[in-house]
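Only this structure's heavy atoms are used, side chains among them; waters, hydrogens and symmetry mates stay out. Since the structure is predicted, the reported quantities are computational estimates derived from the model, not experimental observations. Each ligand, and each atom within it, is numbered from 1 in the order the structure gives.
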Amino acid sequence: MSSSKTQHLVADQTGISQAASLLRGGALVAFATETVYGLGADARNGAAVAQVYAAKGRPSFNPLIVHVPDTDSAQKYVEWSDQAQMIADAFWPGALTLVLPLRQGHGLASLVTAGLPTLAIRVPNHPTATALLRAAEAPVAAPSANPSGQISPTTARHVLAGLDGKIGAVLDDGPCTVGLESTIVTLAPVPTLLRAGGVPAEDIEAVLGCPLAVPTSDTITAPGQLASHYAPNAKVRLNAKFADFGEVFLGFGPMKSDLNLSEAGDLTEAAANLFDYLHRLDESGKPIAVAPIPMTGLGAAINDRLSRAAAPR
Ligand code: AMP
Ligand code: MG
């Protein structure tokens, strides 16, 4: 986490190109969208995405929404369908997020989707957000730009009240017009409303010509608490000093292991590697022993995810 001062950028050409180069350099930039101010990070950069959780003080890794400037860009990251096209034609740019299967070769950090095989993606309807996304030439992961558990920010002043000194910059473009989070819809296996938001469900049903299903325990339990969160098939044993016979070992800090979340003991690096390494060890088909991870900073979210992976199923 950066302790230097957060830049307050005006949303003119200079400010937008400064914000874009900060994003490209791996820094966090809060920016105006029509819904609320988003806390943006280059979605391909695992360390930058880890910083989002650190800056917000999020106690768990729930997947983030990726923002792109147009429908063509979205198709680089997700598997597109006729239904997706209908929704995009009707509501993009706008306050609607689509959840679709990740596309092969997407290049996004696994922390963005919290290890899920699907991605939440949106084209915002805001000239500054669009200009920033084009200038950065990067998919931008962005949850609301507020400390975890606090109210979503609709002005740059709100953002600075919560995150000053913890992020690279805020791109100020006045108050947000919608002031509500985006509606989230998943299309597989059937069109389902995951979160109510800026676009009314009825409008989406009118376009699809069918009612939206409501989430079951299979899709979502509480906001940000997906039951479908990635869990390894293998048995997971926590706070292990070393691997028992037949186990693979996920290390942390200087130690012998099959994969090491961070040999330097850096929690940001560990967070960025977490889902990718769990997937890789899971592919071995062996039970996974995990070294102790400190509870400080991002360690809380890492341990939250690990303890869910280790919980009896
Ligand atoms: P926020 O970024 O704070 O607006 O929250 C993003 C919301 O999108 C959370 O409620 C997440 O659980 C949800 N979300 C993000 N990615 C996915 C996904 N792949 N599947 C289902 N829900 C998702
Ligand atoms: Mg939020």
Response to the item:
Which of L163, L171, V159 passes side chain to side chain contact (heavy atoms under 4.5 Å, CB included) with Y37? Answer is V159
Worksheet entry | Worked verdict on H158 versus S152 for side chain to side chain contact (heavy atoms under 4.5 Å, CB included) | CA-CA 8 Å; H158 295 161; S152 291; over 6 Å; no
Give the numbers and elements of all ligand 1 atoms closer than 4.0 Å to a heavy atom of [X].
| X | result |
| --- | --- |
| L116 | 18 (C), 19 (N) |
| I184 | 7 (C), 8 (O), 13 (C) |
| P143 | 2 (O), 3 (O) |
| L194 | 21 (C), 22 (N) |
| A120 | 15 (C), 16 (N), 17 (C) |

Worksheet item: So is there a nitrogen or oxygen of R58 less than 3.5 Å from a nitrogen or oxygen in ligand 1?
Response: yes
Discussion item. Measuring from atom 19 (N) of ligand 1, which candidate in T118, T35, V66 has the nearest non-hydrogen atom?
Written reply: T118
Worksheet item: To which of I65, I121, N62 does the heavy atom nearest atom 6 (C) of ligand 1 belong?
Response: I65
[X] heavy atom under 4.0 Å from ligand 1:
| X | answer |
| --- | --- |
| K56 | no |
| T186 | no |
| T113 | no |

Worksheet item: Should L28 and L64 be regarded as members of a common hydrophobic cluster, given that ILVMFWY residues are connected when their side-chain heavy atoms come within less than 4.5 Å of each other, either directly or indirectly?
Response: yes
Worksheet item: Just by modelled atom types, is the L23 backbone N or O under 3.5 Å from a matching donor or acceptor in the D42 side chain?
Response: no
Discussion item. Among residues at least two apart in sequence or on other chains, which ones pass ring pair (Phe, Tyr, Trp, His ring centres under 6.0 Å) with F252?
Written reply: none
Response to the item:
By side chain to side chain contact (heavy atoms under 4.5 Å, CB included), P200 pairs with (sequence neighbours left out) E202, D203
Worksheet entry | Heavy-atom side-chain contact between L187 and I87 under 4.5 Å | yes
Discussion item. Do L98 and W92 make a side-chain contact, defined as non-hydrogen atoms from C-beta onward lying under 4.5 Å apart?
Written reply: yes
